[in-house]
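Here's the structure we're looking at; comments come further down.
Labels below follow one simple rule: chain letters A, B, ... track the order of the sequence lines, proteins then strands, and each chain is numbered from 1.
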Amino acid sequence: MSAQSAPHPHASIARRKIAEALFKVLGLCSLAIAVGTLALLFGALLFEGITRIDWQFLMSYPSRHAAQAGILSAWVGSTLIMLVTAVVGIPLGVAAAIYLEEYARKTWMTELIEVTVTNLAGVPSIIYGLLALGLFVYIMGLGESILVAGLTLALLTLPVVIVTTREAIRAIPVEIREAAYALGATKWQTLTHHVLPYSVAGILTGIILALSRAIGETAPLVTIGALTFIAFLPPAPVTTHPPYLSFDWLLSPFTVMPIQMFGWVSRPGEDFIGNAAAAGVLLVGMTLTMNGVAIYLRYRMRKQVSW
Amino acid sequence: MSKSIVAGQEAIRIMKPDGRVEAAARRRARQRREQVIKGGLFFAALISVAATVTIIAVLLSESIGFFRTVPLTDFFTDTLWTPLFADPHYGILPLLAGTLVTSGVGLLVAIPLGTVAAIYLSEFSSSRLREVMKPVLELLGAVPTVVYGYFALVVVTPSLQLLWPDLPGFNMLGPGIVIGIMIMPFVISLSEDAMRAVPMVLREGSYAMGATRLQTAWRVVVPAATSGIVAAYVLGISRAVGETMVVAIAAGQNPNLTWNPLEPAATITAYIVQVALGDLPHGSIGYQSIFAAGLVLAVMTFAFNILGHFMRKRFREVY
């Protein structure tokens with residue numbers, strides 16, 4: 001820009017201020033679209049579904065009649081699968097994170113593990129479904145069962161648990177470890193007496209986020225043969241006869257809440273839309289609550305850290 | 001407390017001549033235990049490698065069976081995908097087109113909105129608004145995808161039909177928009193991270209020259225954060241391509257080779273869901289076809305993920 005053609009400074013400033021104001025409006029609008037969508041989504045679900053949610057809806061099996069259908073088998077299935085996912089996925093994920101953060105030296109093996117964790121976090125969930133279909137269902141012969149579903153979701157959530165646990169462990173200052181070593185503690189003693197207890201809130205946050213993701217997953221479970229119409233419950237885990245514990249439920253066919261909702265959404269006709277919305281309200285309610293708890297835990301953690 | 005007493009006693013025992021042997025044995029036992037624990041943790045960490053290898057192995061082995069029947073040239077050039085019909089055609093193009101169109105619409109929504117929102121949050125907003133918005137965006141990203149599918153089918157498509165009255169009930173536009181909103185939090189969060197990693201001194205230099213915030217954001221911060229922002233886009237593309245439930249519910253089930261988002265069309269992921277819902281015998285060509293489709297999907301997302309990963313690494317190392 002040459003000196004002659006330069007506009008009067010005041011005009012230039014005014015123009016730039018207008019541009020700035022416009023951009024601010026634009027930015028707020030984009031954020032409003034995000035927030036508005038969340039509100040609209042929840043509003044639409046509530047509007048269609050709230051009248052369907054009652055005790056009968058929670059305690060009934062699916063049915064051909066929309067008004068009598070319920071989600072009993074779905075929430076029982078979701079609960080049992082979350083149990084398997086938690087029992088398998090959490091110890092593995094936390095252990096892997098401890099190894100990567102505390103033990104691993106910079107070798108090609110560590111590098112390979114890190115790259116695969118990053119990659120797994122980005123693999124579409126339906127690919128996990130294909131993995132489970134090929135490996136668990138057919139090669140290992142575990143059938144289209146609760147066990148397979150739980151294992152699949154455990155694998156799917158592994159990267160979430162690993163990444164958040166590593167962040168939590170990394171936040172513990174190295175001086176704490178050095179103090180423990182100086183007193184003669186071994187590495188494992190240092191971990192179990194100091195590092196892990198101090199980072200438990202962060203690890204818990206990761207676990208909640210992982211389970212909240214798992215509970216809403218649909219695609220991988222469709223692939224391994226979840227059914228949308230199950231009118232029975234898996235065998236009870238507790239029995240009246242010795243040994244009082246039964247694991248038959250692990251091999252039972254299953255349905256879960258998101259699958260039940262998918263089944264109802266994809267039925268032709270309007271009848272089942274209300275049911276789908278009701279299942280959606282419960283599903284969104286659960287995931288948002290879990291995420292809310294995780295966000296709150298993280299927020300409190302940040303405020304309390306005093307080192 | 002008791003542990004440290006034990007440790008103290010151990011130390012005393014080491015000093016006594018008669019306790020020396022015992023203490024050495026205990027130390028060896030402890031070292032052995034530490035080694036066992038380390039080995040166990042290492043195996044847990046190896047699961048991620050094993051999972052990646054197994055994904056590739058399963059997809060490849062089932063796909064090899066598929067490509068024994070279907071020549072690769074047919075797979076990439078045939079314009080029909082009808083593996084379950086009496087006259088089967090195995091051209092991936094229609095599914096690929098469906099995937100690209102829905103993802104494309106999603107990106108047209110997510111990239112402009114996400115970038116503007118990220119610039120706003122990083123450069124303009126008060127820290128208070130940012131503290132509120134970040135969790136809200138996180139919640140938006142946490143809503144189950146099946147619920148977004150419902151939203152696309154029951155809310156978005158009917159609203160779009162007010163604008164285009166002859167828009168079919170299943171179409172690629174509605175789900176595409178919803179996918180865009182779904183990946184928006186992801187794009188915002190990653191590109192905001194990249195912009196906040198730009199050192200303050202660059203901004204201060206710009207302000208000192210008389211630039212406004214917008215000029216600083218657009219001409220200094222965004223260029224400096226480019227590789228991180230592009231990485232956010234790339235990882236967003238990977239998510240859009242792999243998105244399943246939204247398109248399975250709202251985009252239709254028929255493979256349809258078209259680039260028009262107003263038409264219905266199945267995506268790769270929707271096809272896998274559709275076949276999986278039926279009861280195909282293990283080993284049949286239909287069963288193998290979902291693994292071949294999955295392989296194409298996996299190759300695409302792996303490529304985007306690796307590209308995005310390296311771009312993110314680059315922006316971290318610049319400063």
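Note on B/Arg213, B/His282, B/Gln31: by heavy-atom pairs under 4.5 Å with chain A, the leading option is B/His282. Ranked by heavy-atom pairs shorter than 4.5 Å toward chain B, the options A/Val284, A/Leu288, A/Val117 are led by A/Leu288. Of the listed residues A/Ile98, A/Ile127, A/Asn291, the one with more heavy-atom pairs under 4.5 angstrom with chain B than any other is A/Ile127. With chain A as the partner, the residue from B/Val156, B/Thr301, B/Val147 showing the most heavy-atom pairs under 4.5 Å is B/Val147. Here B/Ala45 is the residue among B/Ala45, B/Ala117, B/Ala276 with the most heavy-atom pairs under 4.5 Å with chain A. Counting heavy-atom pairs under 4.5 Å between each of B/Ile181, B/Ile188, B/Leu295 and chain A puts B/Ile181 at the top. If you tally non-hydrogen atom pairs under 4.5 Å between each of B/Met133, B/Glu138, B/Met184 and chain A, the highest count goes to B/Glu138. Of all the listed residues (A/Pro91, A/Ala95, A/Pro159), the one sharing the greatest number of non-hydrogen pairs under 4.5 Å with chain B is A/Ala95. Per-residue counts of heavy-atom pairs under 4.5 Å with chain A were compared for B/Leu214, B/Val273, B/Leu297; the largest is that of B/Leu214.
With hydrogens and angles ignored, the 3.5 Å screen pairs no side-chain donor or acceptor of A/Glu144 with any backbone N or O of A/Pro253. Under a 3.5 Å cut-off, the side chain of B/Thr157 and the backbone N or O of B/Ala152 do form a donor-acceptor pair.
The shortest heavy-atom contact between B/Thr52 and A/Thr116 is OG1-CB, 3.4 Å. Minimum heavy-atom separation, B/Ser48 to A/Leu120: O-CD1, 3.5 Å. Contact detail for A/Leu130 and B/Gly294: the closest heavy-atom pair is CD1-CA, 3.7 Å. When all heavy atoms of A/Ile224 and A/Ala132 are compared, the pair lying nearest together is CG2-CB, 3.4 Å.
Proximity to chain B is limited to the side chain of A/Ile33, based on heavy atoms less than 4.5 angstrom apart. Contacts between B/Ile56 and chain A at a heavy-atom distance below 4.5 Å are absent for every atom of the residue. B/Val58 touches chain A through its side chain: at least one heavy atom from C-beta onward sits under 4.5 Å away, while N, CA, C and O do not. With a threshold of 4.5 angstrom between heavy atoms, A/Met290 does not approach chain B through any atom at all. For a residue to count as touching a neighbouring chain, one of its non-hydrogen atoms must lie under 4.5 Å from one of that chain's; by this rule B/Phe43 does not touch chain A. Both the backbone and the side chain of B/Leu113 come within contact range of chain A, with heavy atoms under 4.5 Å apart. Looking at A/Ala277, the atoms closer than 4.5 Å to chain B (heavy atoms on both sides) sit in the backbone and in the side chain alike. The contact between B/Phe302 and chain A is made by backbone and side chain atoms together, counting heavy-atom distances below 4.5 Å. For a residue to count as touching a neighbouring chain, one of its non-hydrogen atoms must lie under 4.5 Å from one of that chain's; by this rule A/Ile273 touches chain B with backbone and side chain alike. Looking at B/Val154, only its side chain comes within 4.5 Å of chain A, counting heavy atoms on both sides. Contact of A/Leu40 with chain B is made through backbone and side chain together, with heavy-atom distances under 4.5 Å. For chain A, the nearby part of B/Leu153 is the side chain; its heavy atoms alone come within less than 4.5 Å. For chain A, the nearby part of B/Glu34 is the side chain; its heavy atoms alone come within less than 4.5 Å. Heavy-atom distances place the side chain of B/Thr244, and not its backbone, under 4.5 Å from chain A. At a 4.5 Å heavy-atom cutoff, the contact between B/Leu59 and chain A is made by side-chain atoms alone. Residue contact with chain B, scored on non-hydrogen atoms closer than 4.5 Å, is absent for A/Ile215.
Taking the six-membered ring where the residue is Trp, A/Tyr296 and A/Tyr299 present tilted rings, their angle falling between 30° and 60°.
Under the side chain to side chain contact (heavy atoms under 4.5 Å, CB included) rule, B/Val136 has a single partner from A/Ile295, A/Leu31, A/Leu38, which is A/Leu38. When the options B/Thr99, B/Ile179, B/Val178 are evaluated for a side chain to side chain contact (heavy atoms under 4.5 Å, CB included) with B/Glu243, the one that passes is B/Ile179.
Put simply, the side chain of A/Phe23 reaches to within 4.5 Å of the side chain of B/Phe124, judged on heavy atoms. In this structure the side chain of B/Val143 never reaches within 4.5 angstrom of the side chain of A/Phe42, judged on heavy atoms.
Here CG of A/Leu158 is found 11.0 Å from CD1 of A/Ile90. Values are rounded to the nearest 0.5 Å. Between A/Thr192 atom OG1 and A/Lys187 atom NZ the span is 13.0 Å, to the nearest 0.5 Å.
Between A/Arg16 and A/Glu20, none of the side-chain N atoms (NZ, or NE/NH1/NH2) sits under 4.0 Å from a carboxylate O, so this pair counts as no salt bridge.
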Check: Going through the checks in order, is the side-chain contact (heavy atoms from CB on, under 4.5 Å) test met by A/Leu283 and B/Tyr150?
Finding: CA-CA 12 Å; A/Leu283 205 53; B/Tyr150 170 94; over 6 Å; no
